[in-house]
Amino acid sequence: MLLRDLFAGELPKLAMFDLDGTLIDSVPDLAGAVDVMLGQLGRAPAGVDKVRHWVGNGARVLVRRALADDIEHASISEGDTEQALALFLEAYAGDHSRSTLYPGVRPFLDALQQAGVPLALVTNKPSRFVPELLADKQLDGYFRWLVGGDTLPVQKPDPAALNWVMQRAGVVAGQALFVGDSRSDVLAAKAAGVPVVAVSYGYNHGQPIAAENPDLLVDSLDALI
């Protein structure tokens, strides 16, 4: 199935994308920053494999999971969270050299851009890091709208960010597409009434994204062209 099959033979009027785990494999840099933070707190490093299961719900939740050394983090206090979050954000700023673009991403973005489909980015990553990461990976010319994890009062899986973009783009839900890699992405899209494509290679806390029943599941985004 190609993308046009989701839109009665047409292309969507708007395409919205998640970032981490969908367009960019950012776990190596996130894990590096987590381990710097843990080291500064006198704790053992977490490593890439654990961080890969923890990412997807924003920096605050990632930090809490790292402090708990578990995906469940209710035991972590707000005071400990704030201290660790500040260390993590400082460690993560400025260096994204180990993050890489997934195969198939640029051809798909190019195809949509050349077809005149406006693009948006909706990520739970703190907004301060989004422009520099996009610029570092030569993706900064693609997206008309950028929504970070702190742009609005709520994050995915809440559909607010998708609705915010659609309102500004002047499209209704059935005309828009969302592309993501996690349960939060699929839930946000379904709550907004937006067709959703999921990629099989991303971060979904170690669980297969197929279980969330996206409208379409692909191994590479260029399979949609």
Side-chain angles (χ1 to χ4, degrees), residues 1-7 10-32 48 51-53 55-58 92 95-127 129-149 151 156 161-162 165 169 176-186 188-189 194-205 208-210 212 214-225:
M1 179 184 286
L2 299 177
L3 181 59
R4 291 179 184 271
D5 296 324
L6 293 178
F7 297 93
E10 303 293 329
L11 288 174
K13 303 296 185 186
L14 167 70
M16 299 176 281
F17 293 84
D18 173 58
L19 180 59
D20 300 290
T22 300
L23 302 181
I24 292 175
D25 182 6
S26 53
V27 160
D29 285 317
L30 291 170
V48 168
V51 172
R52 192 173 296 277
H53 286 174
V55 298
N57 301 106
Y92 185 62
D95 180 15
H96 306 292
S97 59
R98 291 170 290 182
S99 297
T100 56
L101 205 62
Y102 286 111
V105 167
R106 196 176 301 278
F108 184 54
L109 295 179
D110 284 340
L112 291 177
Q113 189 177 61
Q114 290 165 12
V117 178
L119 308 181
L121 196 70
V122 180
T123 173
N124 285 347
K125 182 186 289 292
S127 56
F129 297 119
V130 174
E132 66 184 44
L133 179 56
L134 292 178
D136 189 72
K137 306 307 171 187
Q138 291 81 52
L139 292 180
D140 47 333
Y142 288 99
F143 301 102
R144 191 173 303 180
W145 301 278
L146 301 177
V147 182
T151 301
K156 297 174 297 181
L162 281 67
V165 174
L177 170 74
F178 192 73
V179 180
D181 69 302
S182 72
R183 183 171 189 265
S184 292
D185 294 324
V186 175
V194 173
V196 57
V197 171
V199 295
S200 61
Y201 50 73
Y203 322 139
N204 190 41
H205 315 303
I209 191 61
E212 303 303 328
D215 295 297
L216 189 57
L217 178 63
V218 295
D219 296 327
S220 179
L221 287 180
D222 56 2
L224 296 169
I225 299 174

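Since this is a predicted model, take the numbers as computed values, not measurements. This chain uses plain numbering: 1 for the first residue, then up along the sequence.
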Start with the C-alpha distance between Leu23 and Leu221, add both sets of side-chain angles, then the distance that settles side chain to side chain contact (heavy atoms under 4.5 Å, CB included), and finish with yes or no. CA-CA 9 Å; Leu23 302 181; Leu221 287 180; 4.1 Å; yes
What pair of heavy atoms forms the shortest contact from Pro12 to Leu3, and how long is it? CD-CD2, 3.8 Å
Sort out for me which residue in Asp18, Val165, Val179 forms a side-chain contact (heavy atoms from CB on, under 4.5 Å) with Val122. Val165
Do Val51 and Val48 make a side-chain contact, defined as non-hydrogen atoms from C-beta onward lying under 4.5 Å apart? no
Contacts under 3.5 angstrom, residues 132-139 side chains, donor-acceptor by atom type, not counting sequence neighbours:
from	atom 1	to	atom 2	distance (Å)
Glu132	OE2	Gly94	N	3.3
Glu132	OE2	His96	NE2	2.7
Lys137	NZ	His96	O	2.8
Lys137	NZ	Ser99	O	2.6
Gln138	NE2	Asp136	O	3.1

How far apart are the closest heavy atoms of Asp185 and Gly180, and which atoms are they? OD2-CA, 3.4 Å
Indicate the atoms forming the closest heavy-atom contact of Asn124 with Gly56, along with that distance. ND2-O, 3.3 Å
Please answer whether the main-chain N or O of Ala198 pairs with a side-chain N or O of Glu212 as donor and acceptor at a distance below 3.5 Å. no
Would you check, one step at a time, whether the test side chain to side chain contact (heavy atoms under 4.5 Å, CB included) holds for Ile24 with Leu101? CA-CA 4 Å; Ile24 292 175; Leu101 205 62; 3.9 Å; yes
Restricting to pairs with a member in residues 19-29, which pass salt bridge (charged side-chain N to carboxylate O under 4.0 Å, His left out), not counting sequence neighbours? Asp20-Lys125, Asp25-Arg52, Asp29-Arg98
What distance do Leu217 atom CG and Ser200 atom OG have between them, rounded to the nearest 0.5 Å? 5.5 Å
If you take all heavy atoms of Ser127 and Pro131, which pair is closest and at what distance? O-CD, 3.2 Å
Between Leu177 and Phe7, what is the shortest heavy-atom contact and its length? CB-CZ, 3.9 Å
Suppose we screen for side chain to side chain contact (heavy atoms under 4.5 Å, CB included). Which residues come up paired with Ser220, at least two apart in sequence or across chains? Asp222
Distance col, row Leu224:CG vs Arg4:CZ, nearest 0.5 angstrom, shows 12.0 Å
Does anything in residues 140-149 form a side-chain hydrogen bond (donor to acceptor under 3.5 Å, both in side chains)? List the pairs, not counting sequence neighbours. Asp110-Tyr142
On a heavy-atom basis, the closest approach of Gly21 and Val199 is O-CG2, 3.7 Å
Carefully, step by step, assess Ile209 and Asp181 under the rule side chain to side chain contact (heavy atoms under 4.5 Å, CB included). CA-CA 7 Å; Ile209 191 61; Asp181 69 302; over 6 Å; no
Decide yes or no for Leu109 and Phe17: does some side-chain heavy atom of the first lie under 4.5 Å from some side-chain heavy atom of the second? yes
Show your working on side chain to side chain contact (heavy atoms under 4.5 Å, CB included) between Met16 and Leu121 and close with a plain yes or no. CA-CA 6 Å; Met16 299 176 281; Leu121 196 70; over 6 Å; no
Hits for ring pair (Phe, Tyr, Trp, His ring centres under 6.0 Å) against Phe129, two or more places apart or cross-chain, chain-then-number order -> Tyr92
Residue set satisfying ring pair (Phe, Tyr, Trp, His ring centres under 6.0 Å) with Tyr201, at least two apart, ordered chain then number -> Tyr102
